[in-house]
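Letters A, B, ... are given to chains in the order of the sequence lines, protein chains preceding strands, and every chain is numbered from 1.
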2 protein chains.
Amino acid sequence: MPRPATPPPSVSARLLSVLEAFGPGSPRLTLSEISRRTGLPLTTAHRLVGELAAWGGLERDGEGRYQIGLRLWEIGALAPRGLGLRETAMPFLEDLYEATHENVQLAVLDGNDSVFLERLSGREAVHVFTRVGGRLPAYATGVGLVMLAYASHEVQEAAISLPLKRFTEKTIPNGAALRRVLADVRRQGFAISDGQIELIAVSVAAPVRGPDDSVVAAISVVVPSENGDAYAHLPAVRAAARGISRALGAPSARRPPGSVRRETFSAPG
Amino acid sequence: MPRPATPPPSVSARLLSVLEAFGPGSPRLTLSEISRRTGLPLTTAHRLVGELAAWGGLERDGEGRYQIGLRLWEIGALAPRGLGLRETAMPFLEDLYEATHENVQLAVLDGNDSVFLERLSGREAVHVFTRVGGRLPAYATGVGLVMLAYASHEVQEAAISLPLKRFTEKTIPNGAALRRVLADVRRQGFAISDGQIELIAVSVAAPVRGPDDSVVAAISVVVPSENGDAYAHLPAVRAAARGISRALGAPSARRPPGSVRRETFSAPG
DNA sequence: CAGAGATCTTCCGCCCAGCGGAAGCCCTGG
DNA sequence: CCAGGGCTTCCGCTGGGCGGAAGATCTCTG
């Protein structure tokens, strides 16, 4: 008897795959939808979903469909690279928003994607594609380019070697071009992403550094391509990024000697 | 041989208990700490933590400790009663903050607790105890009283029958007093919580209603006990709560006939 | 109104995946 | 140097997870 080629996934993996069935496009699912999306037999899905629901990780809505529960939201809120970062950055983001009244974004790097932690957008700001909790390929966003530029060699090479999806005619077309752009970003200390996701939007992004001075996040301001001057916002973006870095305890963002010493980063709460 | 009284927890339950080991006071844990907190043998904890980490639910920091990973943050961001509600409410909360420049809070009810989804606080606003992602007993907070007052009979009775922890001399002392307060809240349509958690803070809270007109959340403004007039903010709080309810599609918050029809609630993204 | 076709739930016996003790590795500190 | 704490790997036993089958509901359709 030939054994099956792939070993069956562990119980834990199956449980986690149930969570993965949910996504931005499908925040509510029926049991059979979960079964189909995960590939798990209906009975198995039923049992796992039951356990998750009993724990509070999933909830049922009025129509009997399942949705991510408060319990999981609370756990997620404990992620230092999620809400933790956001809490520290928020005052600076609000100041930046007040100064520019354009879209203001905070993102971290995960694999080859930028994951957006926060977005402040005014009523009259240009409408952008991003969503809190959403992800976009790093090479195509201003924040992503900044984070890639300062990432480890391996991460950069991985991003460069991957096929690049073309969102618009201005999207960086290939690895060689990306390599040049990253070098530019490193030299300048900031990134400009002009119409790479949507032609109507340009973003200016700057790096946010952590306690060990590595780049842990990035922030950006997004302005309309027409009648918007991205460069005009550069000083404000850099100042805000530096402020957040200092609040996180980045050595390079320390105030000069003689000025008041700031407290270092501590977990919220 | 007598069997052990309690059946051993399922694999899923063990996996989830690992997540529960993390909390506001302990966002980073070593493997042995996780083992101790969950009561799981070190080896078992090791395996479960390994699977979670491989999936991205946990991450290791520089010192080898574990923390909640971005993956879980993303999943949590899909919770309709978490980020979903927050996204809808945010513009109204910002308006409310602009109007008052005091602490503005958004919370939902979970069991007997109010869970805080968002808090906007200015530099000069009174310092409060709450934290995004944190929870406090419902009976002791303004938002909690509002949500309890409109909750199902069972939920109310459960809250009333529970022993009430005394935070300050002004904390509601017992079930009978709580019952009276809830009746008052229902009659008035809002709640005032005066110094029940900390003597220095007073909050005015109003209910937020969902598509079926049930109360799904509450918002409040917190002002200092000294030289702060909570009642002065009541109209603004009620207006904001009504605005959020309308955005969620609550029938009772509909604009009167003849005015423009609003779009109903849809999931963010 | 019967019947087909969904989806959800309960039941139960087989078997292998998960369990966890033991032992070894790598630190740090005395 | 050894002691102690934390982490990782190994491996054989066993009981909990698996999922097919059947039944319960509900909806649509002819």
Looking at [X] and [Y], does any basic side-chain N land under 4.0 Å from a carboxylate oxygen?
{"X": "A:E118", "Y": "B:R86", "result": "yes"}
{"X": "B:E157", "Y": "B:R179", "result": "yes"}
{"X": "A:R28", "Y": "A:E63", "result": "no"}

Query raised in the report: The side chain of B:L42 lies closest to which of these nucleotides: D:dT8, C:dG18, C:dC8?
Result: D:dT8
Query raised in the report: Any idea which of C:dG20, D:dC7, D:dC18 is nearest the B:L31 side chain?
Result: D:dC7
Can you check the [X] [atom1] to [N] [atom2] distance for me, whole Å?
{"X": "B:L29", "N": "D:dC7", "atom1": "CG", "atom2": "P", "value": "11 Å"}
{"X": "B:R37", "N": "D:dG6", "atom1": "CZ", "atom2": "C1'", "value": "17 Å"}
{"X": "B:E51", "N": "C:dC19", "atom1": "CD", "atom2": "C1'", "value": "13 Å"}
{"X": "B:Y66", "N": "D:dT8", "atom1": "OH", "atom2": "C1'", "value": "10 Å"}
{"X": "A:L48", "N": "D:dC18", "atom1": "CG", "atom2": "C1'", "value": "10 Å"}
{"X": "B:I34", "N": "D:dT8", "atom1": "CD1", "atom2": "P", "value": "11 Å"}
{"X": "A:R14", "N": "D:dC18", "atom1": "CZ", "atom2": "C1'", "value": "7 Å"}

Query - Which residue lies more 5' along DNA chain D, comparing A:V11 with A:T43 via nearest heavy atoms - result: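 Residue closer to the 5' terminus by nearest nucleotide: A:V11.
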State whether [X] places a side-chain N or O below 4.0 Å from either non-bridging phosphate oxygen (OP1 or OP2) of [N].
{"X": "B:R60", "N": "D:dC7", "answer": "no"}
{"X": "B:R47", "N": "C:dG18", "answer": "no"}
{"X": "A:R36", "N": "C:dT7", "answer": "yes"}
{"X": "B:T44", "N": "C:dG20", "answer": "yes"}
{"X": "B:H46", "N": "D:dC7", "answer": "no"}

Report summary line: Heavy atoms of A:I34 and A:F22 approach each other most closely as CD1-CZ, 4.0 Å
Requested in this report: Hey, could you give me the CD/CG distance between B:Q105 and B:L93, rounded to the nearest 0.5 Å?
Outcome: 10.5 Å
